[in-house]
Amino acid sequence: KNEILMLEQKALQAMMNPHFVFNVMNSIQHYINTKNTASANKILTGFARLIRKNLEMCTQSYITLVEEIDYLNLYLDLEKSRFGDKLQYAMNIGPHIDIEETFIPSMWLQPYIENAIWHGIMPKEEGGHLTINIWQQDENYLLIEIIDNGIGIENSLHLKKDTYQSKGMGLTHNRIKLLNKIEAKAIQLNVQQNGKTGTKVSIRIPSSA
């Protein structure tokens, strides 16, 4: 049973690749269309590195935290190249976390970060700020927070059609369900709007993973 669940988990990871590639390519479209050769070359180099990492990671169920951080920095750099001052971001890592020895599920955080940028921050004319916090909550769990000051998830969903669903987030939710059937300690996810605007995603991941 566990082997079947693990195969399903890998299939979900593989399904995420076309979706991810499509969205990242939108980040370089502006430079290609405006024939800005220098900027296009720079962002295409970053895109190539990101795709190479993506292909490496999609075959692994778990990766080190340092690999995930490198991956997210590549993605955020590409988005920053496109959106400029409309996107500000910061990543905070707890001082007691060994990022080379801590493992988390691969390709795990990017869909939530992508959603915060595209559906939270970008609809605001003035843009916004994204903060990623990774803390050692206790000896058993890592706490990862993705916080934005965008329009808010409830407001975002209200503006969209009833049939709208983020594919990346949907796949990630399915992966959580599968992993929670396999692992002894459950991954805990909470997504909520911060008052009238802004969204906070909290993910508690077992440290022993």
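In what follows, residues are counted from 1 in the order of the sequence shown.
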Is the number of heavy atoms from other residues, nucleotides or ligands under 6.0 Å of N33 CG greater than 12?
yes

Pick one: which of N149, I147, I113 meets side chain to side chain contact (heavy atoms under 4.5 Å, CB included) with L130?
I113

Can you tell me how far apart OG1 (T64) and CD (E100) are? Round to the nearest 0.5 Å.
7.5 Å

To the nearest 0.5 Å, what is the distance between CG on N54 and CD on Q110?
8.0 Å

Would you say T37 and N41 make side-chain contact, with heavy atoms under 4.5 Å?
yes

So does Q60 get a backbone contact from the side chain of S106, meaning a donor-acceptor N/O pair under 3.5 Å?
yes

So do the side chains of N92 and E145 get within less than 4.5 Å of each other, counting heavy atoms only?
no

Out of curiosity, does I93 fall in the hydrophobic cluster containing W135 (side-chain heavy atoms, cut-off under 4.5 Å, transitive links)?
no

Full working for side-chain contact (heavy atoms from CB on, under 4.5 Å) between L189 and H173
CA-CA 9 Å; L189 169 70; H173 290 167; 3.4 Å; yes

If you measure from CG on N115 to CG on D148, what distance do you get to the nearest 0.5 Å?
8.5 Å

Write down the atom of I104, the atom of E68, and the distance for their closest heavy-atom approach.
CD1-CG, 3.6 Å

Within the structure provided, determine whether I203 and W108 are in side-chain contact (heavy-atom separation under 4.5 Å).
yes

Just checking W118 against F83, ring centres under 6.0 Å apart?
yes

Got a second to check how far I205's CD1 is from L142's CG, nearest 0.5 Å?
6.5 Å

Could you check whether any side-chain N or O of Q136 sits under 3.5 Å from a backbone N or O of H96, counting only pairs where one atom can act as donor and the other as acceptor?
no

Any side-chain to backbone donor/acceptor pair from N190 onto S202? Under 3.5 Å, distance only.
no

Would a 4.5 Å heavy-atom cut-off, applied to side chains only, mark R204 and D138 as touching?
yes

Decide whether L76 and I51 are clustered together by the hydrophobic rule: side chain heavy atoms of Ile, Leu, Val, Met, Phe, Trp, Tyr closer than 4.5 Å, transitively.
yes

Nearest heavy-atom neighbours spanning K53 and L74:
CD-CD1, 3.7 Å

Can you tell me if T199 uses its side chain to pair, donor with acceptor, with the backbone of I153 under 3.5 Å?
yes

Taking atom types as modelled, find out whether E67 and Y71 have a side-chain donor-acceptor pair closer than 3.5 angstrom.
no

Can you tell me how far the CD1 atom of I69 sits from the CE atom of M91, to the nearest 0.5 Å?
6.5 Å

Between N73 and Y89, is any side-chain donor less than 3.5 angstrom from a side-chain acceptor?
no

If you apply the rule side-chain contact (heavy atoms from CB on, under 4.5 Å), what do you find for I187 with R175, and how did you get there?
CA-CA 10 Å; I187 296 168; R175 292 176 65 200; over 6 Å; no

Return yes when atom CZ of R49 has more than 12 non-hydrogen atoms of other residues, nucleotides or ligands closer than 6.0 Å, and no otherwise.
no

Hey, does the side chain of N155 reach the backbone of K196 with a donor-acceptor pair shorter than 3.5 angstrom?
yes

Are V66 and L143 connected into the same hydrophobic cluster when the rule is that any two of I, L, V, M, F, W, Y join if their side-chain heavy atoms are below 4.5 Å apart?
no

Candidate pair Q88 and I121, rule side-chain contact (heavy atoms from CB on, under 4.5 Å), full reasoning
CA-CA 10 Å; Q88 304 295 328; I121 294 173; over 6 Å; no

Under a 4.5 Å side-chain heavy-atom rule over Ile, Leu, Val, Met, Phe, Trp and Tyr, are L72 and V201 clustered together?
yes

Heavy-atom neighbours of K42 NZ exceed 12 at 6.0 Å:
no

Lys/Arg-Asp/Glu bridge criterion (N-O < 4.0 Å) met for K124, E126:
yes

If hydrophobic clusters are built by linking Ile, Leu, Val, Met, Phe, Trp and Tyr wherever their side-chain heavy atoms come under 4.5 Å apart, do Y112 and Y141 end up in the same one?
no

Test item: Y75 and I117 side chains (from C-beta on) under 4.5 Å apart, heavy atoms:
yes

Working to the nearest 0.5 angstrom, can you tell me the gap between I132 CD1 and L109 CG?
7.5 Å

Checking side-chain contact (heavy atoms from CB on, under 4.5 Å) for the pair E183/L178: CA distance, chi angles, key distance, verdict?
CA-CA 9 Å; E183 305 295 343; L178 290 177; over 6 Å; no

